[in-house]
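Quick notes on the structure that follows.
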Amino acid sequence: MAEAAALRTPDYWRDVKPVLDARCVSCHACFDAPCQLNLASHEGLMRGASKQMVYMSSRLRDAAPTRLFTDAQTPAQWRGKGFFSVLDSAADTSRASAAATPAATGLLLGVLGMKREPVSAERTPLGDGYDIGTERKQSCPSPDEFSAFAKRHPRWGMPYGLPALSEPEFNVLASWLASGAPYREPAPLGASYAERIATWEAFLNGASPKQKLMSRYLYEHLFLASLYFDDQDQRQYFRIVRSRKPPGKPVDVIATRMPFNDPGPGPFWYRIEPMHATVVAKLHMPYALGSARLKRFQQLFLDAPYKVAALPSYAAQVASNPFVAFRDMPVDSRYRFMLDDAEYFIRGFMKGPVCRGQVAVDVIDDRFWIVFKAPDNDPGMRGSMFLASVAGSLRLPGEGLKGPLGLFSWQGYKDSQMSFLMAKQKYLETAAANTRLDLHWIWDGDGHNTNAALTILRHHDNASVVRGLIGRPPKTAWVIDYSLFERIHYLLVAGFDVFGAAGHQLTTRLYMDFLRMEGEFNFLALLPKAQRVKVRDHWYRDAHTSVRDYVYGSHIAFNRETDIPFTTDNPRVELMQMLRHKLDPVMEKRFDLGSAPDNGLRSELERLAAQRGANLTLLPEVSFLAVVQQAGALVDPRAVYTLVHDTAHTNVASLFREGKRLVPAEDELLVAPGFIAAYPNALFRVVRAELSAFVDAVARLRDEADYRALVARYGVERTSPGFWPHSDALAQAFTQLEPVDAGVLDFGRLENR
């Protein structure tokens, strides 16, 4: 590909974009792209870079949002927001000439050119001159600062801390830039896409109050989705936006900080527009549209017997609270809509509007299971009037004070949450008086929906969601009901502002503590009364009594005895095994090592998965293990595994001193077929005949020297000459295994040890 392109003027779509996708997008996409240089699309490339940091926990005032495709549309508009070109030189902002030197043709070629110099040769691991931490201080030189930057940091060429581009790859980019970076608009979508878009836009822009309320609800839940049409072979993704221009006209995006903010005066329309950016795993949340989906929405939201008295306003206290804004819409319809695609909505909590679980993940355990209350058997689902009566207590930080004053709004939300929990406890004890408290409370996926059982895996500062209850029974589990499900969405997705001040982000983090506790309480309620406090105390070892009581105790308890007949002295694990058995008919098992086809590796991989204890503390959070037949052999997608290190904690109830709450003796290792997680920390490539030796080496880990020896023998390190070929093989395997879910992996957290 690259060799042929050298003989002609490179084309962006045919020649340039594949190089950027394979070598640059792994670090330069979404809000965590260094210097906000997003290379996943031509629009991001033309926007350029900025010195402004998106992730800044010390920010006392809200920052102006800089969402690509939303907050500005043209390079000139982005220049007005402080972005500078990475294509033009400091001396001449016109396009580079063919005779120009790399440093003179702009930042992009300049930093790539730095990697061509002999000084870029690196040892393993990288030397002290590199900082690859996510909180590192970034250097974002403008064009007129580039020369000084290159002299000061001669080893910081791009790709940063990774091998250089190959000669053909570099030549493609250099030739394209020297030719003036020519660009052509993508070919228009075919008639089949236009027809489907027209159908959906007509459905979403109906005139009746019911249709308007439905579309507002759908938009606020799907605004981050990678929409696709399930009857089309070509996987083209779309997004839903609010536009000033109607269907049939070019989309004119209405940019608001939150999806529930007032769109402003005048009419607006919901539009479906194509996404041209490269799919990256850390923000990709696919959601299928099709005829079956259209019928389902019609059934849930339009055929259901209810009346819309008046459309809700966009006042902050109304719009940020779904229990107020959508009180006319049946609770059952809303809940079933979310259950239909529960994995998508839970993914939103981890990826959300931030690309990574910036706030949500340090409030959760490293691995836990999620199941859901059944709409037909949960007495709370028959309490639409109850939810309406307590809607004022379900306030969320999305409506709260902005700027420094947001730091002082926490107590009000804490009091509101406690008021709701006490009212909920009283209501449930009354409503459930004549209802059996057993596994009938748990949604069974209606006999076919694999979203009924999910596993959440935290990887320090990011997290993953997969369908199925995978691994050994974890320490904790959540049972989610409608009100909890909706609040988490409006807290962490619809109502979270990555550009918000520290007060907003801190309040969100603290509020999420209560939502986690509520999910855990719902699980505890199914245990024998005599065991609930004991299990709670194990979950919250070393936590203050007041914290434990918020989960189950003096603040909130459930006086009903369970109707589940337990037979062992460990009812927590017994209940988890019951849940696994109940949901087995609809369980997704692609990430279950025991259910995967036995390719002769299972016994050794099960021995690896049986590891438990302090030796695992030396392993990174996430590793991808490829088992190959022999050295130099191709990677078989069926022999790629994810190793997830479960870091044990006494509790996760505090923002600070996490290191003091670790319990190394309880650390575990999950081994799952395929790809879990978007941010691998290590890559291992093991010849099949050496798999047993690899497992032995992991079992013998005692110190950093042992881990260094493991990586030196089996690792594909960030400085390895074979790094990019192995990366390409993993990308191909990911696409083969997960054609819908696959995206470019992020190498920003690859370890350097």
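Since this is a predicted model, take the numbers as computed values, not measurements.
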Quiz item: Y287 ring centre to R293 NZ or CZ under 6.0 Å, with the angle to the axis within 45°?
Solution: yes
Exercise. Would you sort out whether D32 and Y679 count as a side-chain hydrogen bond (donor to acceptor under 3.5 Å, both in side chains), showing the intermediate values?
Key: CA-CA 12 Å; D32 51 359; Y679 301 87; 3.3 Å; yes
Quiz item: What heavy-atom pair brings V54 and R59 nearest, and what distance separates the two atoms?
Solution: O-NH2, 3.0 Å
Quiz item: If you measure from CZ on F349 to CZ on F496, what distance do you get to the nearest 0.5 Å?
Solution: 14.0 Å
Self-check item: Distance in Å, L39 CG paired with L45 CG, rounded so as to fall on 0.5 Å steps
Solution: 6.0 Å
Quiz prompt | Side chains of F229 and Q236 in contact at under 4.5 Å (non-hydrogen atoms) | solution = no
Quiz item: Within the distance-only criterion (no hydrogens, no angle test), does the side chain of N451 pair as donor or acceptor with the backbone N or O of A342 below 3.5 angstrom?
Solution: yes
Quiz item: Can the ring centres of H221 and Y490 be said to be less than 6.0 Å apart?
Solution: yes
Exercise. Apply ring-ring contact (aromatic ring centres under 6.0 Å, His included) to F723 and F747, showing your working.
Key: CA-CA 11 Å; F723 179 85; F747 292 145; 5.3 Å; yes
Exercise. Quick one: do S192 and Q232 satisfy side-chain contact (heavy atoms from CB on, under 4.5 Å)? Show the steps, please.
Key: CA-CA 8 Å; S192 62; Q232 297 294 291; 2.9 Å; yes
Quiz item: What's the spacing between I240 CD1 and I272 CD1 if we round to 0.5 Å?
Solution: 4.5 Å
Quiz prompt | Pair R347 + D741: basic N to acidic O under 4.0 Å | solution = yes
Quiz item: So I254 and V241, side-chain contact (heavy atoms from CB on, under 4.5 Å) or not? Walk me through it.
Solution: CA-CA 8 Å; I254 298 172; V241 299; over 6 Å; no
Quiz item: If you measure from the Lys or Arg side-chain nitrogens to the Asp or Glu carboxylate oxygens, is any gap between R590 and E738 under 4.0 Å?
Solution: yes
Quiz item: Is the closest side-chain heavy-atom distance between L224 and P353 below 4.5 Å?
Solution: yes
Quiz item: Is R196 paired with E201 through a side-chain N to carboxylate O contact shorter than 4.0 Å?
Solution: no
Quiz item: Would you call N681 and S623 a side-chain contact if the rule is heavy atoms closer than 4.5 Å?
Solution: no
Practice problem: Any chance you could lay out the salt bridge (Lys or Arg N to Asp or Glu O under 4.0 Å) test for R271 and D252, step after step, and finish with the verdict? | Solution: CA-CA 9 Å; R271 302 290 304 277; D252 181 8; over 6 Å; no
Practice problem: Using modelled atom types only, decide if a donor and an acceptor are shared between the side chain of T199 and the backbone of E195 within a distance under 3.5 Å. | Solution: yes
Quiz prompt | From W78 atom CH2 to T66 atom OG1, the distance as rounded to the nearest 0.5 Å | solution = 5.5 Å
Quiz item: Is there a side-chain contact between E169 and R23 (heavy atoms, below 4.5 Å)?
Solution: yes
Exercise. Check whether any side-chain N or O of Q505 sits under 3.5 Å from a backbone N or O of G500 as a donor-acceptor pair, and report yes or no.
Key: yes
Quiz item: Counting distance only, does the side-chain N/O of Y55 pair as donor-acceptor with the main-chain N or O of V354 below 3.5 Å?
Solution: yes
Quiz item: Quick one: does D11's side chain have a donor or acceptor within less than 3.5 Å of a partner on R14's backbone?
Solution: yes
Quiz item: Within the distance-only criterion (no hydrogens, no angle test), does the side chain of W13 pair as donor or acceptor with the backbone N or O of Y183 below 3.5 angstrom?
Solution: no
Quiz prompt | Beyond-backbone contact of K51 with Q36, side-chain heavy atoms, under 4.5 angstrom | solution = no
Quiz item: Considering only heavy atoms from C-beta outward, does the side chain of L289 approach that of F238 to under 4.5 Å?
Solution: no
Practice problem: Indicate yes or no: at least one non-hydrogen side-chain atom of R239 is less than 4.5 angstrom from one of V253. | Solution: yes
Practice problem: For the pair K137 and D131, find out whether any cationic side-chain nitrogen is under 4.0 Å from an anionic carboxylate oxygen. | Solution: no
Quiz prompt | Charged tip of R116 within 45° of F170 ring normal and under 6.0 Å | solution = yes
Exercise. Apply side-chain contact (heavy atoms from CB on, under 4.5 Å) to F203 and F297, showing your working.
Key: CA-CA 10 Å; F203 180 75; F297 288 172; 3.8 Å; yes
Quiz item: Should K81 and D71 count as an ion pair when the cut-off is N to O under 4.0 Å?
Solution: no
Quiz item: Taking atom types as modelled, is there a side-chain donor on E145 or S142 under 3.5 Å from an acceptor on the other?
Solution: yes
Quiz item: Is the side chain of H28 donor-acceptor paired with the backbone N or O of L37 at a distance under 3.5 Å, no angle test?
Solution: yes
Quiz item: What are the two closest heavy atoms between S464 and H459, and how far apart are they?
Solution: OG-NE2, 2.7 Å
Quiz prompt | Aromatic ring proximity F624/F675, centre distance under 6.0 Å | solution = yes
Practice problem: List the steps, then state whether side-chain contact (heavy atoms from CB on, under 4.5 Å) holds for L173 with V16. | Solution: CA-CA 6 Å; L173 298 185; V16 175; 3.7 Å; yes
Practice problem: Look up atom CD1 in I346 and atom NE2 in H489, then write down how far apart they are to the nearest 0.5 Å. | Solution: 11.0 Å
Quiz prompt | Donor + acceptor pair across side chains of S26, D746 (<3.5 Å) | solution = no
Quiz item: Measuring from C27:SG to Y160:OH, what's the distance to the nearest 0.5 Å?
Solution: 10.5 Å
Practice problem: Assert yes or no for the condition that the ring centre distance of Y217 to F337 is strictly below 6.0 Å. | Solution: yes
Quiz prompt | Heavy-atom side-chain proximity of L750 to E717 below 4.5 angstrom | solution = no
Exercise. Report, as yes or no, whether the 6.0 Å neighbourhood of atom CG on L634 holds more than 12 heavy atoms from other residues, nucleotides or ligands.
Key: no
Practice problem: Apply side-chain hydrogen bond (donor to acceptor under 3.5 Å, both in side chains) to R8 and S175, showing your working. | Solution: CA-CA 9 Å; R8 59 196 173 194; S175 176; over 6 Å; no
Exercise. Check for a donor-acceptor pair, side chain of W724 on one end and backbone N or O of P163 on the other, with a separation under 3.5 Å.
Key: yes
Quiz item: Got a donor-acceptor contact below 3.5 angstrom from the Q73 side chain to the F69 backbone?
Solution: yes
Practice problem: Classify the angle between the aromatic ring planes of Y130 and W156 as parallel (below 30°), tilted (30 to 60°) or perpendicular (above 60°). | Solution: tilted
Practice problem: Report the relative orientation of the aromatic rings in F146 and F149; use parallel for angles under 30°, tilted for 30 to 60°, perpendicular for over 60°. | Solution: tilted
Quiz item: Minimum heavy-atom separation for R244 to G266, with atom names?
Solution: NH1-O, 3.7 Å
Quiz prompt | salt_bridge(R718, E751) N-O dist < 4.0 Å | solution = no
Practice problem: Any chance you could lay out the side-chain hydrogen bond (donor to acceptor under 3.5 Å, both in side chains) test for S41 and H276, step after step, and finish with the verdict? | Solution: CA-CA 7 Å; S41 66; H276 295 302; over 6 Å; no
Self-check item: Test side-chain hydrogen bond (donor to acceptor under 3.5 Å, both in side chains) applied to R47 and S85, step by step
Solution: CA-CA 7 Å; R47 178 178 73 165; S85 174; over 6 Å; no
Self-check item: Y12 side chain vs H42 backbone, donor-acceptor pair below 3.5 Å
Solution: yes
Self-check item: Worked check of ring-ring contact (aromatic ring centres under 6.0 Å, His included) between H284 and Y237
Solution: CA-CA 10 Å; H284 183 48; Y237 292 99; 4.8 Å; yes
